[in-house]
2 protein chains.
Amino acid sequence: MAQKAVTLKDVALAANVSRATAARALNGYGYVGGEASARVLQAADRLGYRGNRVAQALRRGQLPLIGFMPGDIQNPFFARIAHDVDVELRASNHNLLIASSEEDPEQEMELLDSLQSLNVRGFIVAPTSADDNAHLIRLVNEGVPIVLIDRALPDVACDSVTVDNEGGAREAVNYLIANGHRRIGLVQDDSRITTARGRLAGYIQALKSHGLEVDESLIIVSRSTVEYAIDATIRLFSRPSRPTALFTVDSLMTQGALLGLRSMGLAVPHDVSLVGFDDFNLATFTDPQITVVAQPIAQIGPLAVKLLLQRINGSSEPQHNAQFPTRLIVRGSVSRPAGAPLR
Amino acid sequence: MAQKAVTLKDVALAANVSRATAARALNGYGYVGGEASARVLQAADRLGYRGNRVAQALRRGQLPLIGFMPGDIQNPFFARIAHDVDVELRASNHNLLIASSEEDPEQEMELLDSLQSLNVRGFIVAPTSADDNAHLIRLVNEGVPIVLIDRALPDVACDSVTVDNEGGAREAVNYLIANGHRRIGLVQDDSRITTARGRLAGYIQALKSHGLEVDESLIIVSRSTVEYAIDATIRLFSRPSRPTALFTVDSLMTQGALLGLRSMGLAVPHDVSLVGFDDFNLATFTDPQITVVAQPIAQIGPLAVKLLLQRINGSSEPQHNAQFPTRLIVRGSVSRPAGAPLR
DNA sequence: CCGTTGTGTGAGATCGATATCATATTTGGA
DNA sequence: TCCAAATATGATATCGATCTCACACAACGG
């Protein structure tokens, strides 16, 4: 069925030279006679020789592949980064292996293992857990190039590209407070994830710096999924004394919150003010448009690739942990709560 | 720097047997003594032997990799399929190589070539062009397993999983006509893409079956991108006599149309009725919610994987071209045009 | 005219895993 | 007891590309 591919041997035979000479002609190293070289090149062309990257990889010890492991490829945030990484890598002839961890540390471990045995040259990972990192530490110690994105891990000594989650969350909550809100709800991701921790920290800092108490009943843990967030939002707003404002820690949760609130007949911003982390195209489609903390998403992928390729090429520069600032984009989803004094 | 990985040789040495015996013990074939087997297994475990999939691939002639080539991984439609394919493949120990063609036939060719020389086991492709298919035909003739998704190609003899584009478009336009619209605009994708052709055909059929003329000035060609679609929409509605309704052929274009109309101060459905092809979560966030032709997206990825794995495992069943029906989801973006007679 | 560089080429080792083949060694049945 | 079958193991070829090494031959200076 599947025809066997043309091998170097075939080309060498057709050109009437040895495999060694054929290889030299094709790869342009060592001494090759002009005439022999021409014959080889012509034969290769005629036979449609493509070379076997697997064999090359075995010889060289590495495949020109990069593993990309997002928490969820359907999250537009990761999809965008995947796209940028793909484009960026194409320039250096690498291909992209995408394997979603589905936010499961177990699965992350297995996939990392499986890809490593493929002799992948390096990884770009959004680590699922802030704590269970033995596998990542092991990889780093083995000298495997890794760049963490979105979520940095202090105990894993490798490059990372992240965003100022704490600062972004603080700014969002400060903004809500400045608008007169005192009971500010938080739809939070699993605290295993570092970004969730950072954003929670920012939330708490903002409250404390204004002398507000952190009320556990205003915080609800969901998952980064529209469906879960709908449910979480409904549960949060079914509790005795409702928040007047809501901060959601990622775009899918913001969508979920929007739907959850709508299903309860709560209007944004009339009944509840809303600020989300991570901008998303939907945010400008709603009425009112949603105020969000935007991340410089276009910069994350390219920088991650740049750092990774540097490591792959043997750079031994000190660990580089890039952290981009966020930007609060004020749109129309926040208003002063009923009965709040004008400042 | 990078530690060399543990090889079979190391394990064999540690277990004090030959490589052959070690391989037998690890892979469970042929005769192996119970004691030797135990020693090998234990040594492998102790050393953390993982096996080198590249070497295995060289030997076997194939890597357990599947190439997935969408037009654009950022399009939620493809992101969803990528996710499903990833999950499905995990069950059979394959990894997913994702390489976006970016709707460029040239790039599609190069990537296909590059992945083929990686001894990928098969491809799932959303072919960019309905016409330039020499490369796909060549692959099929070489016996490389391929499944086309979203877009079938009559001249490429391989399995495919698609959707009834013509029928879906017809239904959408029929619905607009039934609501009294006579001037129905079309925001269309590059006619190189087969889905675009099918949806255009459906649009034309619906018009003709109601005795309506196809007015070229109501059709505008965009690209599957929010930005392009905004622009196209604005241009379309800047022409002398505007349509009263609009049909957009994919979700990104629907978004673009929405934004374009808004920027021109045209309200949906008051000024313009809108039906889009492909459902998307945003469609229910807008006010009004958008009426769309939905595709059974959850079924596409799994079926494509199933068909592909069958081919990989040597099935020689006749070519299977699955086509799912679409479903019109009526929401609130269509109303009767001003001055239209009630039926 | 001979040794030294400089060219051009092929034989063969290598990467790591696997499978075939040949060679022990044991077991079982006649 | 003896031979055949069953069991266990190692040596080695193989997958395809690359690269070192050794060898051949030319050109060149002294």
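Every chain is numbered from 1 and lettered A, B, ... according to where its sequence line falls, protein lines coming before strand lines. Every heavy atom of this structure was used, including side-chain atoms; hydrogens, water molecules and symmetry mates were not.
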Between the base of D:dT18 and the side chain of A:Arg24, is one N or O donor paired with an acceptor at under 3.5 angstrom?
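In this structure, the two groups form no donor-acceptor pair.
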Any side-chain heavy atom of A:Ile73 sitting closer than 4.5 Å to one from B:Asp86?
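No. Closest side-chain heavy atoms not under 4.5 Å.
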For the residue pair B:Val11 and B:Val6, establish whether any side-chain heavy-atom pair is separated by less than 4.5 Å.
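Yes. Closest side-chain heavy atoms under 4.5 Å.
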Do the side-chain N or O atoms of [X] get closer than 4.0 angstrom to the phosphate oxygens (OP1, OP2) of [N]?
X       : N      : answer
A:Asn27 : D:dA17 : no
A:Tyr31 : C:dG8  : no
B:Gln56 : C:dT18 : yes
B:Thr21 : D:dG10 : yes
B:Thr7  : C:dG16 : no

Scan [X] against the nucleic acid and name what it touches under 4.0 Å (heavy atoms): base, sugar-phosphate only, or nothing.
X       : value
A:Val17 : sugar-phosphate
B:Ala57 : nothing
B:Gly61 : nothing

Between [N] ([atom2]) and [X] ([atom1]): distance, integer Å:
X       : N      : atom1 : atom2 : result
A:Leu63 : D:dG16 : CG    : C1'   : 13 Å
B:Glu35 : C:dT25 : CD    : C1'   : 15 Å
B:Arg19 : D:dT12 : CZ    : C1'   : 8 Å
A:Tyr29 : D:dA17 : OH    : P     : 12 Å
B:Lys9  : D:dT12 : NZ    : P     : 14 Å
A:Leu58 : C:dA17 : CG    : P     : 9 Å
B:Leu26 : C:dG16 : CG    : C1'   : 13 Å
B:Gln62 : D:dG16 : CD    : C1'   : 15 Å

Electrostatic pair A:Arg151:A:Glu108 at N-O distance under 4.0 angstrom:
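No salt bridge links A:Arg151 with A:Glu108.
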Do A:Asp131 and A:Arg192 sit within salt-bridge range, that is, some charged N less than 4.0 Å from a carboxylate O?
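Between A:Arg192 and A:Asp131 there is no salt bridge, as every charged N stays at least 4.0 Å from the carboxylate O atoms.
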Toward the 5' end of DNA chain D, by each residue's nearest nucleotide, B:Gly30 or A:Leu8
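The residue closer to the strand's 5' end, by nearest nucleotide, is B:Gly30.
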Sidechain-backbone polar pair: B:Arg311 side chain, B:Pro145 backbone, donor-acceptor under 3.5 Å:
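No, the answer is negative, given that no donor and acceptor are paired below the 3.5 Å cut-off.
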Looking at A:Asp150 and A:Ala126, would you say the former's side chain and the latter's main chain have a donor-acceptor pair under 3.5 Å?
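Answer holds: no.
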Look at the side chain of [X] and decide which nucleotide, out of [options], has an atom nearest to it.
X       : options                : result
B:Ser18 : D:dG10, D:dA17, C:dT18 : D:dG10
A:Ala55 : D:dG16, C:dA13, C:dA17 : D:dG16
B:Ala23 : C:dT18, C:dG16, C:dT9  : C:dT18
A:Arg60 : C:dG16, D:dT18, C:dT9  : D:dT18
A:Arg59 : C:dT9, D:dG16, C:dG16  : D:dG16

Just to be sure I understand the geometry, which residues of residues 40-53 of chain A put a non-hydrogen atom under 4.0 Å away from DNA chain D?
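By residue number: A:Tyr49, A:Gly51, A:Asn52.
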Taking atom CD as the centre, does A:Gln323 end up with more than 12 heavy-atom neighbours from other residues, nucleotides or ligands that are less than 6.0 angstrom away?
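Counting other residues, nucleotides and ligands, CD of A:Gln323 exceeds 12 neighbours.
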State whether the number of non-hydrogen atoms from other residues, nucleotides or ligands found under 6.0 Å of A:Arg223 atom CZ is greater than 12.
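Atom CZ in A:Arg223 is not crowded, with 12 or fewer foreign heavy atoms closer than 6.0 Å.
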